[in-house]
Amino acid sequence: MLDLKLIRQNPEAVKVALGKRKLEYIKAIDELIIIDEKKRIIQQKADELKSERNNLSKSIKSKDEAINIQAQVKSINAQIQVLDQEQITLNEALEAIILYMPNLPSADTPDGKDERENQEIHSWGNKPILNSPKPHWEIAEALGILDFENTTRLSGSRFGSFIGQGAKLQRALIQFMLEEAANANYLELSPPAIIQGQILRGTGQLPKFAEDLYHLENTDQYLIPTAEVPLTGFYANGQALKEADLPKKLCAYTPCFRSEAGAAGRDTRGLIRQHQFDKIELVHICKPEDSFSEHEKLVRQAENILEKLELPYRRILLCAGDMGFSASKCYDLEVWFPSQNQYREISSCSNCTDFQARRLNLKFKRDQKNELVHTLNGSGLAVGRTWAAIVENYQLDNKLGFKIPKVLQDYMKISELS
RNA sequence: GGAGAGAUGGCCGAGCGGUUGAAGGCGCAGCACUGGAAAUGCUGUAUACAGGUAACUGUAUCGAGGGUUCGAAUCCCUCUCUCUCCGCCA
């Protein structure tokens, strides 16, 4: 959520920043200011009346004296009730706008409408030289380590199963990624995959993106779309964090669930776009002045995983129009997929500044005062896509199979699968 | 799932219709004492919104929502959560 005070004090700057994402937000700012103005006038009136009522009540010491002021207080109460109701209505109108407004792009976020205007920061690694690169599902299904056919009967489209060495490879990746995070002093959490709507509102998935989530019937509970939600929301209990405890670095391995509404027809084959996938998530909670340097550290942590797996990738700085709702600045890491002859997203590292912290009421104490923290999140990494990238980049040119990355060989006890 | 008990500030805990935003203790911070520390003493120590350059002022908040009342942490209703016992169960 954006800071209402900032909008009030500097509406033009907010309009310019939001306009970089989508022009339609500019008009909403004007509406917001009008509602806010009305709301404050009403609050002042209501507060004055309440003050008057309190003073009258305080002057009464016994039941008998009460008779003198009963009528007066009742009439004040009637006025208060009307004003309070108006304030509730205005507040709802205000929330209906501000909860649907995305974070302001940072100053160094490039202008641009969509992914075509993203900036490549750098690329790493050597793309494999292959005569006829096969897609990962072709190799994996033929090897019997990945199944879609039976699994679709079990669960529907966009679900798959890892089998035998395939399942073990997934486990190896999870173990490897968690160890890397532990070595970098991340605190591992193993949170539930079911979470309250309130927290999803805090991190920005709700109310705007409800259709992307799996909602449990007759509850306010949802399946997590990413461990970003439980990790970022973990300390959102209203109790301020200690300044000395920041930055907090958290990691978690969880399944992630996405309805993929609106993705019909895209990436229908293989592991790229599934309803359920595993991911190791990294979250930093830090002081406001540190968030941009923490963001660089976070993205380096994710890159480090790709480098140790020796997977060719590039880092992209997203333009304003392509950035996620809660992010102020975002790097995507994209891994090379030989069969598609293109890079595909494998990690998205966002600096959400105080946007989620304000919604979650996530604060730290500095000099006796509570201040909003900044929150950052990034994948380190999406396991299914990493699995697929390994199969494709390490595939053998002369026969069916692929090599196992060096860092996973101890765990897998083999160097090649064919 | 059945029965009972409970939910008060960072924590423990008093209060059971008015002077209580909330006693007391612990914790924490500052100051004094000390060569330094411990102990001790003193002082301070919730959050949000609105107004004000500010000091500050007003309002709201004692699990959440609603009600009774001139006035609610205190009384009533609903919900949520926690604990204990029983049942069931990875």
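What you see is a predicted model, and the numbers here were worked out from it, not measured in a lab. Below, chains carry the letters A, B, ... as their sequence lines are ordered, and counting in each starts from 1.
By the 6.0 Å and 45° rule, A/K249 stacks over the aromatic ring of A/Y186. Under a cutoff of 6.0 Å and an axis angle of 45°, A/R344 and A/F337 do not form a cation-pi pair.
Comparing B/A60, B/G51, B/A46 by their closest approach to the side chain of A/R53 singles out B/A60. When each of B/G51, B/A60, B/C70 is scored by its nearest atom to the side-chain atoms of A/K50, the top-ranked nucleotide is B/A60. In this structure, of B/U59, B/C70, B/A50, it is B/A50 that holds the atom nearest to the side chain of A/K5. Of the candidate nucleotides B/A46, B/A50, B/G18, B/A46 has the atom nearest to the side chain of A/K365. Closest to the A/Q43 side chain, of the nucleotides B/G58, B/C70, B/A60, is B/G58. Here the side chain of A/S51 is nearest to one of B/U59, B/U47, B/A50, namely B/U59.
Summarising the geometry, the separation between CG on A/L360 and P on B/A48 is reported as 15 Å, rounded to the nearest angstrom. Spacing between atom CG of A/D84 and atom P of B/C49 amounts to 17 Å, rounded to whole angstrom units. Atom C1' of nucleotide B/C81 and atom CD of A/Q198 are separated by 13 Å, given to the nearest angstrom. When rounded to the nearest whole Å, the span between CD of A/Q196 and C1' of B/A64 equals 13 Å. Regarding A/E52, its CD atom lies at a distance of 13 Å from the C1' atom of B/C70, rounded to whole Å. The CD atom of A/Q81 sits 19 Å away from the P atom of B/U59 (whole-angstrom rounding). Spacing between atom CD1 of A/I88 and atom P of B/G65 amounts to 10 Å, rounded to whole angstrom units. The distance from atom CD1 of A/I42 to atom C1' of B/G51 is 16 Å, rounded to the nearest whole Å.
B/A22 and B/A73 have their C1' atoms separated by 8 Å, with the value rounded to a whole Å. Nucleotides B/G27 and B/C12 have their P atoms positioned 15 Å apart, rounded to a whole Å. B/G1 and B/C88: their P atoms are spaced 15 Å apart (whole Å). Remark: the separation of the C1' atoms in B/U74 and B/G6 is 16 Å, to the nearest Å. When the C1' atom is used for both B/G63 and B/U82, the distance is 10 Å, rounded to whole Å. Comparing B/G24 with B/G9, their C1' atoms are spaced 13 Å from each other, to the whole Å. Here, B/C81 and B/C28 have their C1' atoms 29 Å apart, quoted to the whole Å. B/A39 and B/C33 have their C1' atoms separated by 11 Å, with the value rounded to a whole Å.
Centroid-to-centroid, the aromatic rings of A/F325 and A/F209 come within less than 6.0 Å. Centroid-to-centroid, the aromatic rings of A/F355 and A/H374 stay 6.0 Å apart or farther.
Here the side chains of A/D322 and A/E117 are not in contact, with every heavy-atom distance at 4.5 Å or above.
With salt bridges taken as basic N to acidic carboxylate O contacts below 4.0 Å, none links A/E260 and A/R158. Note on A/K403 versus A/E310: no salt bridge recorded, every NZ/NE/NH1/NH2 to OD/OE distance being 4.0 Å or above. Using a 4.0 Å cut-off between charged nitrogen and carboxylate oxygen, A/R366 and A/E289 count as a salt-bridge pair. Comment: A/R116 engages A/D114 in a salt bridge, judged by a side-chain N to carboxylate O separation of less than 4.0 angstrom.
In terms of position on RNA chain B, the residue among A/D36 and A/K74 whose nearest nucleotide sits closer to the 5' end is A/D36. RNA chain B is contacted by both A/N55 and A/Q87; A/Q87 maps to the nucleotide lying nearer its 5′ end (nearest heavy atom per residue).
A sub-4.0 Å separation between OP1 or OP2 of B/U47 and a side-chain N or O of A/N361 is absent. The shortest distance between the side-chain N/O atoms of A/N77 and the OP1/OP2 oxygens of B/G71 is below 4.0 Å. Between A/R40 and the phosphate of B/C49, there is no side-chain N or O to OP1/OP2 separation shorter than 4.0 Å. OP1 or OP2 of B/U59 has at least one side-chain nitrogen or oxygen of A/N54 nearer than 4.0 Å. OP1 or OP2 of B/A48 sits under 4.0 Å from a side-chain N or O of A/K363.
Note on A/K58: nothing from the nucleic acid sits closer than 4.0 angstrom, heavy atoms only.
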Dot-bracket line, read 5' to 3' along RNA chain B, where crossing pairs take [ ] and | marks a partner on another strand, Watson-Crick or G-U under 3.5 Å: ((((((((.[[[..)..(.....]]]((((((.......))))))((((((....)))))).[[[[[..)....]]]]])))))))....
